[in-house]
There are 2 protein chains.
Amino acid sequence: MLGTDKQLESILSALEQADTLDGMQSVSEALRDHYKVDHLVYHWVDSAGDQYGCGTYSDAWQDQYLSQNYVRIDPVVQGCYQRFHPVDWKRLDWSSKAAREFLRTSAEYGVGNQGYSIPIRGPNGQFALFTVNHNCDDAEWTKFTEENRRDLILIAHYFNEKALEFEPGRQPIQQSSLSPREIDAMTLLAMGYSRAQVANSLSISEHTLRVYIESARFKLGALNTTHAVARAMSRGLIVV
Amino acid sequence: MLGTDKQLESILSALEQADTLDGMQSVSEALRDHYKVDHLVYHWVDSAGDQYGCGTYSDAWQDQYLSQNYVRIDPVVQGCYQRFHPVDWKRLDWSSKAAREFLRTSAEYGVGNQGYSIPIRGPNGQFALFTVNHNCDDAEWTKFTEENRRDLILIAHYFNEKALEFEPGRQPIQQSSLSPREIDAMTLLAMGYSRAQVANSLSISEHTLRVYIESARFKLGALNTTHAVARAMSRGLIVV
DNA sequence: TTTCCACTCCCCAGATATAGCGAGGGCAAC
DNA sequence: GTTGCCCTCGCTATATCTGGGGAGTGGAAA
């Protein structure tokens with residue numbers, strides 16, 4: 001547990017003082033050695049498929065993952081996106097053919113059979129994963145995750161805190177939040193209403209509604225209504 | 001620190017076994033006594049304005065907060081919504097007239113002058129706050145928050161985990177999967193491309209694309225394209 | 001006080017999406 | 001070897017959305 005482990009303390013101090021991605025990389029390697037696991041990875045899953053991370057997976061696997069756009073079929077990402085609590089890979093849905101194929105390929109690149117991933121969310125819909133990976137039997141893995149669950153949650157938190165520090169454009173608190181009416185409009189559009197229906201629901205003319213949509217589109221830097229709704233959702237401005 | 005404190009351990013065990021909001025309420029009272037602070041509050045902030053929570057603020061203050069819709073002006077909520085890391089209330093922006101008025105009123109209801117709040121985010125844009133509040137001088141408060149920062153992050157995490165358990169409709173994760181092409185289509189639409197652009201990107205005719213969109217709409221039970229994209233996003237089928 | 005911003009309303013034309021038909025090849029599972 | 005799903009292509013007409021203008025109110029901040 002934290003506080004009872006001098007070595008872990010010093011590693012976390014190093015993380016807090018890291019000021020580059022390389023620094024985080026070193027910390028993940030140190031943590032991997034500390035916990036005696038095969039891999040330890042922080043993975044930022046960003047919009048538009050831009051994603052980065054740091055960790056101990058091989059470069060070859062990272063390249064493969066990105067080039068094959070595995071994020072779209074990775075059950076770990078899919079599963080964590082729906083959850084709040086950390087999840088053991090065994091509890092995910094590996095039934096689809098693509099998922100099994102993905103698993104098989106990952107093993108070829110040195111990814112272990114056991115995994116434990118923690119979803120992390122930041123402002124504006126930011127989403128990331130913190131994963132510990134190992135090769136061992138179920139009993140051993142269960143013991144490990146139960147013993148270290150709390151540590152891992154905290155470490156995940158600290159990794160994300162660092163990653164957000166590095167990310168430009170995240171810190172300047174973009175105050176381009178939507179007005180109440182704009183949020184109403186975006187919300188109802190996301191619920192599938194047509195403009196006429198939305199206007200009716202809000203008891204305003206369709207013309208007025210259009211101004212809100214355009215205004216929201218402008219604020220969100222969106223190219224069209226669908227884009228605006230998508231951005232509003234991913235930034236957590238509306239909930240559907 | 002966790003793991004070095006038997007009393008805190010037992011309180012957290014009680015939290016893990018809580019199965020009602022009242023149970024969480026009791027835990028927050030126990031934690032307040034444990035940390036010897038004035039208040040300790042978990043506050044679920046829903047976009048629709050539906051909000052609930054549990055904690056040790058007086059009923060009168062909670063009623064006042066809800067009836068006055070303070071969530072819209074509360075600098076703690078506003079500030080935490082843009083941040084990832086825990087934040088001391090002193091670092092928030094209290095400059096607006098509404099904020100100062102709010103602060104003055106809160107003091108009348110027994111809210112202390114010092115506060116430390118942790119933002120928490122779950123799937124589908126869920127957002128909550130975990131706050132510790134006290135009446136003391138700055139030095140004492142800084143010492144307290146620095147010493148207990150890690151504990152508080154973890155406790156916040158556990159509170160939210162419980163709250164999500166209680167929330168109906170959050171658990172059922174239905175996986176109606178889209179085909180790869182449908183996911184491509186939905187993703188590109190969410191990125192703001194028009195149908196013509198999407199068709200071009202995928203190197204297919206616009207007619208074919210339309211079939212995918214319709215098929216995805218059908219699978220998602222969506223009324224139109226925007227709705228389909230919104231549903232695909234909130235179900236984590238596409239990552240934008 | 002003035003300046004900003006949110007909110008409300010109006011017209012019109014062109015671009016885009018939706019809805020209705022239908023058709024064939026490939027691949028996998030039952 | 002039939003059934004079902006995925007991928008691909010076509011046409012046409014109507015509904016809806018987008019983009020270009022302009023205009024007035026009220027409230028809150030500088």
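For clarity, every value in this text was computed on a predicted model and none was experimentally measured. Convention: sequence-line order gives letters A, B, ...; per-chain numbering from 1.
Here the rule is side-chain hydrogen bond (donor to acceptor under 3.5 Å, both in side chains) with B:Q114, and of B:N133, B:D138, B:T142, B:N135 only B:D138 fits it.
For the pair A:W94/A:L103, a side-chain contact is recorded, criterion being any heavy-atom separation below 4.5 Å from C-beta on.
Nucleotide D:dC9 holds its P atom 12 Å from the CG atom of B:N200, rounded to whole Å. Distance A:L188 CG to D:dT16 C1': 17 Å, rounded to the nearest Å. Between A:I213 atom CD1 and D:dT16 atom C1' the separation is 11 Å, expressed in whole Å. One atom, NE2 of A:H207, and another, P of D:dG20, lie 18 Å apart when rounded to the nearest Å. In this structure, A:E182 atom CD and C:dT8 atom P are separated by 11 Å, rounded to whole Å. Rounded to an integer number of Å, the gap from A:I183 CD1 to C:dA6 C1' is 13 Å. Taking atom CG on B:L202 and atom P on D:dT8, their separation rounds to 8 Å, with Å as the unit. Computed from coordinates, the A:L209 CG to C:dC9 P distance equals 10 Å when rounded to whole Å.
For D:dT8, the OP1/OP2 oxygens have a side-chain nitrogen or oxygen of B:R181 closer than 4.0 Å. Under 4.0 angstrom from either OP1 or OP2 of D:dC6 there lies at least one side-chain N or O belonging to B:K219.
Listed nucleotides: C:dT8, C:dA17, D:dC7. Nearest to the side chain of B:S179: D:dC7. Nearest to the side chain of B:S194, among D:dG10, C:dC7, C:dA17, sits C:dA17. The side chain of A:I204 sits closest to C:dT8 out of C:dT8, C:dA17, D:dT8. Which of C:dC10, C:dT8, D:dC7 sits closest to the side chain of A:S205 comes down to C:dC10.
Residues B:T208 and A:N224 both approach DNA chain D. Their nearest nucleotides, taken by heavy-atom distance, put B:T208 toward the 5′ side.
A salt bridge does not link B:E206 with B:R210: every distance from a Lys NZ or Arg NE/NH1/NH2 to an Asp or Glu carboxylate oxygen is 4.0 Å or more. Note on A:D184 versus A:R181: salt bridge recorded, some NZ/NE/NH1/NH2 to OD/OE distance being below 4.0 Å.
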Taking only N/O atoms, report every protein-nucleotides 19-25 of chain C pair under 3.5 Å with atom names and distance.
unit_1: C:dA19; atom_1: OP2; unit_2: B:R217; atom_2: NH2; d: 2.4
unit_1: C:dA19; atom_1: N7; unit_2: B:R210; atom_2: NH1; d: 3.4
unit_1: C:dA19; atom_1: N6; unit_2: B:R210; atom_2: NH1; d: 2.2
unit_1: C:dG20; atom_1: O6; unit_2: B:R210; atom_2: NH1; d: 3.1
unit_1: C:dG20; atom_1: O6; unit_2: B:R210; atom_2: NH2; d: 2.2

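Ring to ring, B:H43 and B:Y65 are close: their centroids are under 6.0 angstrom apart. Between A:F102 and A:W89, a ring centre-to-centre spacing not shorter than 6.0 Å is recorded. Side-chain rings of B:H157 and A:F84 approach one another, their centers coming within less than 6.0 Å.
Residue A:E206 is classed as a sugar-phosphate contact, given heavy-atom separations below 4.0 Å to backbone atoms only. Using a 4.0 Å heavy-atom distance criterion, B:T225 is classed as a sugar-phosphate-only contact.
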